[in-house]
Structures are given as structure tokens and as C-alpha cells.
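Letters A, B, ... mirror the listed sequences (proteins, then strands); counts begin at 1.
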Number of protein chains: 2
Amino acid sequence: MLHRPDAFNARCPTRQVLDRIGDKWAVLVLILLEQETLRFNELRRRIDSISQKMLSQTLKSLERDGLISRRAFATVPVTVEYSLTPLGRTLAGTVAALTQWAEAHIGEVEEAQRRYDRGEIAA
Amino acid sequence: MLHRPDAFNARCPTRQVLDRIGDKWAVLVLILLEQETLRFNELRRRIDSISQKMLSQTLKSLERDGLISRRAFATVPVTVEYSLTPLGRTLAGTVAALTQWAEAHIGEVEEAQRRYDRGEIAA
DNA sequence: GGATGTTGGTTCCCAATAGATACTAGGGAT
DNA sequence: ATCCCTAGTATCTATTGGGAACCAACATCC
């Protein structure tokens, strides 16, 4: 029935990509870098409530996946710039569609949550 | 600079939606239900390696958000059907674009990972 | 001249979450 | 009687996330 790579099979590598997208911090980093190259602490300041650890970890994963590139300059203190690769740029476009959906439909989602919490399980 | 709801602010509800999309199981459920209405154990069998607990939890969240609807029938044993709501259907379309990206670019991602793991931090 | 702040991280610890396993109820089939 | 089916829940543990402290090397403040 499924003629394409089966993302529902845990062994399928497509699932790995899906798992990466399923990282909220990665999504936010991609969206920010789509607009401009940023340094580590600039990213940290812009993404409210992200910890250094998670930012560092997220950037490392994205770099490993070839989605962003890291450039360090031997200034004092050291300067590190992160930017999207061409591959990352194609993903950022797709991810932007998700944030647009979120912004467009957040009202409906919140209303559904209120209805659900009041006990109305209506469709 | 940002004229739209600020997803980078933790207090912005848009971020909640982003967090929901950032759930790998939710994404897989949405994709499956886009094609047909399915029962609990059918979903469980199709999504390789999901546990009963996580499926149950994921379905409950999606229902609360108004993205899927649950219908129980008093058969023996009880039958429970899950299907997309109109709202969920609009999201499933957007999410499908992500899986298409994953399937199209998985090769590039894997090659980047191999390069990174060999120590070539090249852009 | 010592305290503090900057850079981009890493390490440690604890709380929260994910996942595996077992259990429930109310039957049906063997 | 015993095992299986349904759709979950309860419990326990493994993994992960987040907070805070620490690092080097310098610049500035007082």
C-alpha cells in the first residue's frame, strides 16, 4: 500500500529526519537563521528560555545533518557564526509553512482546548 | 522587527502549537489519519515501535487540540475510531510537506552525517 | 590590581518525560 | 478453564531536558 519510504518503520531513515524536525528548538533555530547569520549568544538571547546546553546541542545536531554551518573566528573573545546551508535553506522554507499554520489556527486550537477542558468532547 | 506573533517568546501560544508539531508521534498519527479513519490498535500496528501509553497520550492531546475526533461504539469488544477533524486536515497537509522534504533529502542528510563523523566539518 | 563581564561552550545534577511491562474489564473462541 | 481480543491505565525504570556552575583568555570598571 505504501509505495514510498516507510516513515512508520522505525528503521527507515526518513524517520530520523522527522525526529529532527520534531525538535522544537531546531525548528526555532532554522527559522531565525533563515533570515540572517547569527552568533551563539545572539541566538540564545532571541530564543526565549532556551538553555546554553540545549542550544549547543541543537546547533551540533543541525551541523551534523548538514543543515547549518559553523564558522569560528580567532578574535578575543572568540566569535562563532552560524548560518544555513543551501540544504538547510530548503528545509527552513518548509518549516516556515508550519509556523504560518500555527499563527493562522492558534485561535481554533485554543477554543478546542477550552471546549475539551469543559468536558465537551464534541467533534 | 517582528510584526507577527512571536514564536520565540515562550509565552506566545503559537509556540504551543509548534511544540505539538514537534511531537514525532503526533506527526505520524496525523499522516496516517489523513488517508483513512483508523482504530486504536490499527494505529498501534502501523506505527512501528510506538507504545500503547504514548499512542494513548498522543491521541488524547490531538483530540484536546481539536485536530482529531474520537468515536466509541458499544460493540464487544469496544470499538474506537479516530479520524481527522477539518482543522486537523489542514494541518496534515502542511505536515505532509515535511515528510516529502525528508524523503527527498534524506540522502543528503545522511551524507552530511558521514562527513561530519569522519571529522570533516566542511560547510 | 582584584572583581566583574564578555565570548562559546562543557560538565554536573536533578526533575521531568519517554518507554517497557503488566494489569484492567468484558466478553468470544477453543 | 484458558487464552485472546478490545482500548486503554498503572507502575517502574531509562533517557532526556533544563538550571547552574565552571572553563580560558582577555577588557573594562573601580
Side-chain angles (χ1 to χ4, degrees), chain A residues 8-11 15-16 18-29 32-33 36-65 68-83 116 119 121 123, chain B residues 8-11 15-16 18-29 32-33 36-65 68-83 116 119 121 123:
Chain A
F8 305 104
N9 184 322
R11 286 163 294 287
R15 176 104 153 228
Q16 292 173 20
L18 232 46
D19 287 354
R20 166 109 12 271
I21 296 163
D23 176 352
K24 63 175 174 177
W25 300 127
V27 169
L28 294 172
V29 167
L32 279 177
L33 291 184
E36 53 183 321
T37 292
L38 289 171
R39 297 170 57 183
F40 186 88
N41 277 330
E42 276 179 319
L43 281 165
R44 191 154 80 96
R45 279 188 290 266
R46 296 215 194 185
I47 302 175
D48 193 61
S49 82
I50 194 173
S51 66
Q52 284 181 314
K53 189 183 101 175
M54 287 315 293
L55 180 55
S56 168
Q57 216 170 88
T58 301
L59 290 170
K60 217 177 285 179
S61 296
L62 288 172
E63 192 194 356
R64 188 173 105 96
D65 291 347
I68 66 174
S69 71
R70 192 193 110 113
R71 274 186 306 163
F73 302 92
T75 55
V76 167
V78 62
T79 299
V80 180
E81 277 185 4
Y82 291 95
S83 55
Y116 185 93
I121 318 289
Chain B
F8 304 104
N9 184 322
R11 286 164 294 287
R15 176 104 153 227
Q16 292 173 21
L18 231 47
D19 287 354
R20 165 107 13 272
I21 295 163
D23 176 352
K24 63 174 174 177
W25 299 127
V27 168
L28 293 172
V29 167
L32 279 176
L33 291 184
E36 53 183 321
T37 293
L38 289 171
R39 297 170 59 184
F40 186 89
N41 277 331
E42 276 179 320
L43 281 165
R44 189 155 80 95
R45 278 187 291 267
R46 296 215 195 183
I47 302 175
D48 193 60
S49 82
I50 194 173
S51 66
Q52 286 179 314
K53 190 186 102 176
M54 289 312 295
L55 180 55
S56 170
Q57 216 171 86
T58 301
L59 290 170
K60 218 177 283 179
S61 296
L62 288 172
E63 191 194 358
R64 189 173 104 96
D65 292 346
I68 66 174
S69 71
R70 191 194 110 112
R71 275 187 305 162
F73 302 93
T75 54
V76 167
V78 62
T79 299
V80 180
E81 277 184 5
Y82 291 95
S83 55
Y116 185 94
I121 316 289

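Along DNA chain C, the nucleotide nearest to B:Trp25 and the one nearest to A:Lys60 differ in position, and the one closer to the 5' end is contacted by A:Lys60. The nearest heavy atom of DNA chain D to B:Ser56 and to B:Arg39 marks one nucleotide each, and the one closer to the 5' end goes with B:Arg39.
Using a 4.0 Å cut-off, some side-chain N or O of A:Arg45 falls inside it from OP1 or OP2 of C:dT7. Within the 4.0 Å cut-off from OP1 or OP2 of D:dT13, not a single side-chain nitrogen or oxygen of B:Lys53 is found. OP1 and OP2 of C:dG19 both lie 4.0 Å or more from every side-chain N or O belonging to B:Arg44.
Protein atom CD of A:Glu42 is 12 Å distant from nucleotide atom C1' of C:dT7, rounded to whole Å. Protein atom CD1 of A:Ile50 is 14 Å distant from nucleotide atom C1' of C:dG8, rounded to whole Å. Here D:dA7 presents its C1' atom at 14 Å from CD of B:Glu63, a figure rounded to the nearest Å. Between the C1' atom of D:dA10 and the CD atom of B:Gln57 lies a distance of 13 Å, rounded to the nearest Å. In this structure, CG of A:Leu55 is placed 10 Å from C1' of C:dG9, rounded to the nearest angstrom. Atom C1' of nucleotide D:dA7 and atom CE of B:Met54 are separated by 17 Å, given to the nearest angstrom. The separation between B:Leu59 atom CG and D:dT6 atom C1' is 15 Å, rounded to whole Å. For the pair A:Glu81 CD and C:dG9 P, the interatomic distance rounds to 12 Å; values are reported in whole Å.
Here B:Tyr82 lies in heavy-atom contact (under 4.0 Å) with sugar-phosphate atoms only.
Proximity note for B:Ser51 (side chain, C-beta onward) versus D:dG17, C:dA18, C:dA20: the nearest is C:dA20.
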side-chain contact (heavy atoms from CB on, under 4.5 Å) between A:Trp25 and A:Ile47, worked out | CA-CA 8 Å; A:Trp25 300 127; A:Ile47 302 175; 3.7 Å; yes

Given B:Leu55 and B:Lys53, is the side-chain contact (heavy atoms from CB on, under 4.5 Å) satisfied, shown in steps?
-> CA-CA 5 Å; B:Leu55 180 55; B:Lys53 190 186 102 176; over 6 Å; no

Taking it one step at a time, do B:Leu28 and B:Thr58 satisfy side-chain contact (heavy atoms from CB on, under 4.5 Å)?
-> CA-CA 10 Å; B:Leu28 293 172; B:Thr58 301; over 6 Å; no

Audit row: A:Leu33, A:Tyr82, side-chain contact (heavy atoms from CB on, under 4.5 Å) steps and yes/no = CA-CA 8 Å; A:Leu33 291 184; A:Tyr82 291 95; 4.1 Å; yes

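A donor-acceptor pair under 3.5 Å links the side-chain atoms of B:Glu42 to the main chain of B:Arg39, judged by distance alone.
Across all non-hydrogen atoms, the minimal contact from B:Tyr116 to A:Lys60 is OH-CG, 3.5 Å.
Between A:Arg71 and A:Glu81 there is a salt bridge, since a side-chain N of the basic residue sits under 4.0 Å from a carboxylate O of the acidic one.
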A correct 5'-to-3' footprint of nucleotides 22-30 of chain C, with B, S and - meaning base, sugar-phosphate only and no protein heavy atom under 4.0 Å, is B---B----

